[in-house]
Amino acid sequence: MKIASWNVNSLNVRMPHLKQWLGTAQPDIVALQETKLEDAKFPDTDIAALGYRCVFSGQKTYNGVALLAREMPVDIVTDVPGLADPQRRILIASVGDLRIANLYVVNGQEVGSEKYKYKLDWLARVTDHLGNEAAKHKNLVVLGDFNIAPEDRDVHDPVAWHEQILCSTPEREALKRVESIGLVDSYRHFDTEGGKYSWWDYRQAGFQRNRGLRIDLVLASDALRPRLAAAHIDLEPRRWERPSDHAPAILELNA
DNA sequence: ATGGTGGGTTACCCA
């Protein structure tokens, strides 16, 4: 069972990449972020032709999340209590015996800004709801673009990024509160090394120089721990022409 | 310290 998270930065532009990647990587479940498509324009019939059913919560121009699976995801949540948010950033659904929460966490722009406050508030509200989900569903996977590098070993230049957006202490503490509901960063379950990233700035040849951050995470609940088989980041689609600035983060689970 | 690239749009946009 292969579960992936991929910020595609416009599904319109990245549909050929998605198609290619689904064909070669053969994931079972894929969480997409930044689809930037309103629901009426979501290419669900094209995706069905590739062998995946999908659910989605999108908007024009910004944000947008989707979940692809071999079978239709059910029991969908796109809005959480206490968060009247027009921005489409969360999609929770059940696939088989798994509960999957796909997050496109707010970027936050700059530490101390209004968007930064929104980021921390959004995460606090979502964390509360994830606690409710965890209480109801023992097999919980929380994945997505967290827009937070958990630790300095997830950052190419920790000095330059010290207390900057995506790396500040309040953001890292907020991520720890998500994990405190009983979730493990599956990548770190297998690999303690640094230098492995999931996002590289388009500017200044960030990817070619591996100047990146690991901000795309797949968290798995404690009940899933015995089933963790492997975790990695697939750099291949980041090398393709006109790529997303993110690479897919993958967790493999034993049946 | 600034700005660079790329998505979207025509915004003092967002990443």
Side-chain angles (χ1 to χ4, degrees), chain A residues 5-21 30-43 46-47 56-66 83 85-91 102-123 126 143-150 154-168 170-172 174-175 197-217 233 235-249:
Chain A
S5 173
W6 194 8
N7 179 324
V8 291
N9 187 14
S10 168
L11 186 53
N12 251 346
V13 173
R14 239 61 75 182
M15 198 53 192
H17 305 66
L18 179 65
K19 181 175 182 177
Q20 174 80 25
W21 189 73
V30 184
L32 301 178
Q33 303 87 34
E34 282 205 271
T35 55
K36 301 186 178 181
L37 285 174
E38 45 194 337
D39 291 348
K41 295 187 175 172
F42 197 89
D46 293 340
I47 287 171
F56 34 87
S57 178
Q59 65 183 95
K60 196 174 163 185
T61 310
Y62 305 118
N63 310 310
V65 285
L83 190 62
D85 187 3
Q87 300 194 22
R88 302 290 81 194
R89 298 179 173 276
I90 183 163
L91 196 161
N102 176 14
L103 309 184
Y104 174 45
V105 176
V106 179
N107 173 284
Q109 194 175 48
E110 187 179 17
V111 173
S113 67
E114 281 304 310
K115 286 174 187 166
Y116 183 75
K117 292 185 189 78
Y118 165 50
K119 178 179 198 168
L120 295 178
D121 183 61
W122 188 93
L123 258 175
V126 169
L143 76 175
D145 176 0
F146 282 75
N147 268 316
I148 299 170
D154 302 305
V155 179
H156 69 90
D157 186 346
V159 173
W161 282 87
H162 179 71
E163 294 300 335
Q164 298 300 303
I165 195 67
L166 315 185
C167 299
S168 73
E171 292 168 273
R172 287 175 169 176
L175 175 60
Y197 312 121
S198 67
W199 170 83
W200 304 259
D201 201 302
Y202 285 123
R203 294 167 284 194
Q204 299 179 328
F207 180 68
Q208 288 80 356
R209 300 196 286 159
N210 198 29
R211 296 178 65 82
L213 304 179
R214 193 175 68 88
I215 58 177
D216 298 273
L217 311 176
I233 298 164
L235 301 184
E236 190 57 30
R238 189 61 176 80
R239 299 191 179 102
W240 297 344
E241 205 144 326
R242 211 180 174 191
S244 166
D245 44 351
H246 295 252

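Protein chains get the first letters and strands the later ones, always in sequence-line order, with residue 1 at the start of each.
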Problem set entry | A/Leu175 and A/Leu217, any side-chain heavy atoms less than 4.5 Å apart |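 Side chain of A/Leu217 against side chain of A/Leu175, heavy atoms only: contact under 4.5 Å found.
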Problem set entry | Check: A/Val65 main-chain N/O paired with A/Arg88 side-chain donor or acceptor under 3.5 Å |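 Absent.
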Problem set entry | Audit row: A/Val106, A/Leu120, side-chain contact (heavy atoms from CB on, under 4.5 Å) steps and yes/no | CA-CA 8 Å; A/Val106 179; A/Leu120 295 178; over 6 Å; no
Which value, in whole Å, describes the distance between the [atom1] atoms of nucleotides [N] and [M]?
N: B/dC12; M: B/dA1; atom1: P; answer: 27 Å
N: B/dT9; M: B/dA15; atom1: P; answer: 15 Å
N: B/dG8; M: B/dC14; atom1: C1'; answer: 8 Å
N: B/dT2; M: B/dG6; atom1: P; answer: 23 Å

Which donor-acceptor pairs under 3.5 Å do the side chains of residues 202-209 of chain A make with protein atoms, sequence neighbours left out?
residue  : atom : partner  : partner atom : Å
A/Tyr202 : OH   : A/Asn9   : ND2          : 3.2
A/Tyr202 : OH   : A/Pro243 : O            : 2.9
A/Tyr202 : OH   : A/Asp245 : N            : 3.1
A/Arg203 : NE   : A/Asp201 : OD1          : 2.9
A/Arg203 : NE   : A/Asp201 : OD2          : 3.4
A/Arg203 : NH2  : A/Asp201 : OD2          : 3.0
A/Arg209 : NE   : A/Gln204 : O            : 3.2
A/Arg209 : NH2  : A/Gln204 : O            : 3.2

For this session: For A/Ser198, enumerate each residue passing the side-chain hydrogen bond (donor to acceptor under 3.5 Å, both in side chains) test, keeping only those at least two apart in sequence or located in another chain.
Result: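 Applying side-chain hydrogen bond (donor to acceptor under 3.5 Å, both in side chains) to A/Ser198 gives A/Asp216.
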Exercise. Would you call the rings of A/Trp161 and A/Trp199 parallel, tilted or perpendicular, where under 30° means parallel and over 60° means perpendicular?
Worked result: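 Ring orientation, 0 to 90° scale: perpendicular.
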Pairwise N/O distances under 3.5 Å, protein to nucleotides 11-15 of chain B:
residue : atom : partner  : partner atom : Å
B/dC14  : OP2  : A/Lys115 : NZ           : 2.8
B/dA15  : O3'  : A/Asn107 : ND2          : 3.3

For this session: Return the nucleotide paired to B/dG8: Watson-Crick means purine N1 to pyrimidine N3 with N6-O4 or O6-N4, wobble means G-U with N1-O2 and O6-N3, both under 3.5 Å.
Result: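 Its partner is none (no Watson-Crick or G-U wobble pair with both distances under 3.5 Å).
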